[in-house]
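Take a look at the structure set out below.
Below, each value reflects all heavy atoms present in this structure, side chains not excepted, and no hydrogens, waters or symmetry copies.
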Amino acid sequence: MGMGEISESVEITVKTIGPAPPSRLSVSSPIKVRDLRKLIATSSANHLPIENLRLVFRGKVLDDTQDDDDRDDVYLQLSNGDSVIAAVKPKPPPRHLRDDTCIDDDDLDLFKLPQSTSQWKRKLFFFLRNKLKLPDILLMAIFSLSLKIWAIIILWFVFAPIAHRWDLGPLYILGTAFSIIFLNLGQRQPGDMSAYSIFNDDFRELPGTLNADRLDRDIRAGQI
């Protein structure tokens, strides 16, 4: 709300979807959508659950913030006699009672940023999702990688044309593949055995390993 705007008291009509009759409510204007939601939820005789309360004004669903950014509150300019529709979103049935056709909003949001995400990452996420309309699968791939991994990917694409110019393309790709393999081998803890007996002390094999020696022993013992 701007510094030059003056707040005034107006009377609106709240129409709750269901058997409840319309009610009159005095509110200030302009007013934050989140504050209006609290007023309607607490002033209702049935005490509507605020977490599931949806408000519709002039055919548009009202959101508390702009583009899911917690800093930018949405203000609503109301006049005397305006009508606001209040609807309570029904709770979904327990997950074990759902069928394949029962999908709630949480199921549609495939990817959500954690609360500890920095502000610039949140703004980038909202820009890519709301402005560029990128799918959640692509957003998940983008934001699941660290800055170090993204730096390596960018450097790989920078050096790829150089390798191609020097006719080193196949070697460049093979070197990348081997680097990925070796970097993801991990480290064994003391006492852990490798799946390959050649890397184990005394060439010990994992229990249950099936090889020619095992088959020969089972045949000789009459187990096959």
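Lys15 NZ to Ser23 OG: the interatomic distance, rounded to the nearest 0.5 Å, is 11.0 Å. In this structure, the separation between CG on Leu76 and CZ on Arg34 is 13.5 Å, given to the nearest 0.5 Å. With rounding to the nearest 0.5 angstrom, the CZ atom of Phe57 is 9.0 Å from the CD atom of Gln77.
Every residue two or more places apart in sequence or in another chain that forms a side chain to side chain donor-acceptor pair (under 3.5 Å) with Glu11 is listed here: Arg24. Take Trp156 and apply the side chain to side chain donor-acceptor pair (under 3.5 Å) test, not counting sequence neighbours, and it matches Thr176.
Between Ile40 and Leu55, some side-chain heavy-atom pair lies under the 4.5 Å cut-off.
In terms of heavy atoms, Leu78 sits closest to Leu36 at CD1-CD2, 4.4 Å. When all heavy atoms of Asn80 and Ser9 are compared, the closest pair comes out as OD1-O, 4.5 Å. Closest non-hydrogen pair, Tyr75 versus Lys32, comes out as OH-CE, 3.2 Å.
Both Leu171 and Phe159 sit in one connected hydrophobic cluster of ILVMFWY residues. Membership requires side-chain heavy atoms under 4.5 Å apart, directly or through other members. Taken together through direct or relayed side-chain contacts under 4.5 Å among Ile, Leu, Val, Met, Phe, Trp and Tyr, Ile154 and Ile180 form parts of separate hydrophobic clusters. The hydrophobic clustering, which links ILVMFWY residues whose side-chain heavy atoms are closer than 4.5 Å, places Phe157 and Leu174 apart. Note: the hydrophobic cluster containing Leu155 also contains Leu168 (ILVMFWY, side chain heavy atoms under 4.5 Å, direct or indirect links). Leu124 and Leu132 fall within a single hydrophobic cluster, where Ile, Leu, Val, Met, Phe, Trp and Tyr side chains are chained together by heavy-atom contacts under 4.5 Å.
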- Task: Show your working on side-chain contact (heavy atoms from CB on, under 4.5 Å) between Leu39 and Ile31 and close with a plain yes or no.
- Result: CA-CA 11 Å; Leu39 285 175; Ile31 185 174; 3.8 Å; yes
- Between Asp82 and Val10, is a side-chain contact (heavy atoms from CB on, under 4.5 Å) present by the stated rule, with each step listed? CA-CA 9 Å; Asp82 282 343; Val10 298; over 6 Å; no
- Item | Evaluation steps, side-chain contact (heavy atoms from CB on, under 4.5 Å), between Leu62 and Val74 | CA-CA 8 Å; Leu62 302 179; Val74 175; over 6 Å; no
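Judged by distance alone, the side chain of Arg37 and the main-chain N or O of Leu53 form a donor-acceptor pair under 3.5 Å.
Ser29 and Glu8 are not linked by any side-chain donor-acceptor pair at a separation below 3.5 angstrom, with hydrogens and angles left out of the test.
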